[in-house]
Amino acid sequence: MAALTQVDAIYPSGRAIPENILRLYLYFTAPMGEADILPHISLVRADGLVIDDAFLENRFDLWSPDRTRLTLLFDPARVKTGLEAHEALGRALIAGESYELRVDTGAADAQGCPLAAPFSHSYVAVASDVEPPDPRDWAFDTPQADTIEPLRIVLGSSHDHASMAFRIQVWRDGERLPGRVELGTDETAWIFTPRRAWATERHEIRIEEELEDLAGNRPGQLFDQPVGVELPMPQLSLSFLPGQS
């Protein structure tokens, strides 16, 4: 049987990621097999050094139910400061260094076939992200009423793409509006196109507390939050009134 399955996408899709990033995601064009895939995935520094134990090994892989999306979770014990693993090994990524994520063809799909081609994606690590998402800093242009112009919200920094898809919603009159969600370049913008034309009524943008940026920070909460430090809960609702031509 010919090898046809390959890596279709990776997230974050951009090149710059914080050194305290929590997850990467790989999407495949077909369901993957049950065998452990981590031996076929490597994180390689620009000088050729393979970063050992970068990703958390589980008794079960972090697959989507259809086994086409794999979540690569950086070991949280290495990401968080003050923990034994962090002190002993440090983070897998160091700001200023370049890295390449590689997937070799030995990774088998659900039919037992190897990947059709190897995959790689380059990143450069930047300084740790220690600022929680704050919707008050977001910017958006109000769409016109009686149109299906998209609502584009600029978040200001890259966010976890899976979180963005579900944790931001548009509501009106107590009902969630149906529509299509797209993500802007490097997952820095959330774009919503309604299924029906915007009404000349006030709309609400609801943000769930579980919305995460690349470092796992949430509104009002840092993934690596110092003990005893409490952050104020930001505004989790924004409103707008579609404009008139």
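Computed from a predicted structure; not experimentally measured. As a basis for the values below, the full set of heavy atoms in this structure was taken, side chains included, without hydrogen atoms, waters or symmetry mates.
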Trainee: For His203 and Phe240, take the angle between the two ring planes, folded into 0 to 90°, and tell me which bin it lands in: parallel under 30, tilted 30 to 60, perpendicular over 60.
Mentor: parallel
Trainee: Of the non-hydrogen atoms in Pro12 and Tyr123, which two are nearest, and what is the gap between them?
Mentor: O-OH, 2.6 Å
Trainee: When you measure from the side chain of Gln6 to the backbone of Ala116, do you find a donor-acceptor pair of N or O atoms at a distance under 3.5 Å?
Mentor: no
Trainee: Can you name the nearest heavy-atom pair linking Glu131 to Asn217, along with the distance?
Mentor: O-ND2, 3.9 Å
Trainee: Kindly state whether the ring of Trp190 and the ring of Phe192 have centres lying under 6.0 angstrom apart.
Mentor: yes
Trainee: Taking everything shown except Glu175 itself, do over 12 heavy atoms lie less than 6.0 Å from its CD?
Mentor: no
Trainee: Looking only at side chains, do Asp186 and Thr188 share a donor and an acceptor under 3.5 Å apart?
Mentor: no
Trainee: Nearest 0.5 angstrom please: Tyr27 OH to Ile10 CD1, how far?
Mentor: 11.5 Å
Trainee: Once rounded to the nearest 0.5 Å, what's the spacing between atom CG of Asn20 and atom CZ of Arg91?
Mentor: 5.0 Å
Trainee: What heavy-atom pair brings Glu209 and Pro219 nearest, and what distance separates the two atoms?
Mentor: O-CD, 3.4 Å
Trainee: Within the 3.5 Å criterion, strictly below it, is a donor on Glu19 or Ser128 matched to an acceptor on the partner's side chain?
Mentor: yes
Trainee: Of the options Thr5, Thr29, Thr68, which is the one that meets Asp109 in a side-chain hydrogen bond (donor to acceptor under 3.5 Å, both in side chains)?
Mentor: Thr5
Trainee: Out of curiosity, Leu222 CG to Asp213 CG, how far, rounded to the nearest 0.5 Å?
Mentor: 8.5 Å
Trainee: Determine whether Leu24 and Phe74 satisfy the following criterion, side-chain contact (heavy atoms from CB on, under 4.5 Å), listing intermediate values before the conclusion.
Mentor: CA-CA 8 Å; Leu24 301 178; Phe74 284 89; 3.7 Å; yes
Trainee: Ignoring hydrogens, what is the shortest heavy-atom contact between Asp141 and Leu151? Give both atom names and the distance.
Mentor: O-CD1, 3.8 Å
Trainee: Would you give the length of the straight line joining atom CD of Gln221 to atom CZ of Phe223, rounded to the nearest 0.5 angstrom?
Mentor: 10.0 Å
Trainee: Given side-chain contact (heavy atoms from CB on, under 4.5 Å), test Tyr99 with Ile94 step by step and report yes or no.
Mentor: CA-CA 10 Å; Tyr99 300 85; Ile94 300 173; 3.7 Å; yes
Trainee: Would you check, one step at a time, whether the test side-chain contact (heavy atoms from CB on, under 4.5 Å) holds for Leu43 with Leu72?
Mentor: CA-CA 11 Å; Leu43 185 66; Leu72 293 170; over 6 Å; no
Trainee: Please assess Ile41 against Val103 for the test side-chain contact (heavy atoms from CB on, under 4.5 Å), listing each intermediate value before the final yes or no.
Mentor: CA-CA 5 Å; Ile41 298 175; Val103 184; 4.2 Å; yes
Trainee: Working to the nearest 0.5 angstrom, can you tell me the gap between Ile17 CD1 and Asp129 CG?
Mentor: 12.0 Å
Trainee: OH/Tyr25 to OG1/Thr71 distance, rounded to the nearest 0.5 angstrom?
Mentor: 5.0 Å
Trainee: For Glu210 and Ser163, test the side chains for any donor-to-acceptor distance below 3.5 angstrom and give the result as yes or no.
Mentor: no
Trainee: Measure across Leu183 and Glu187 and return the closest heavy-atom pair with its distance rounded to 0.1 Å.
Mentor: CD1-CG, 4.1 Å
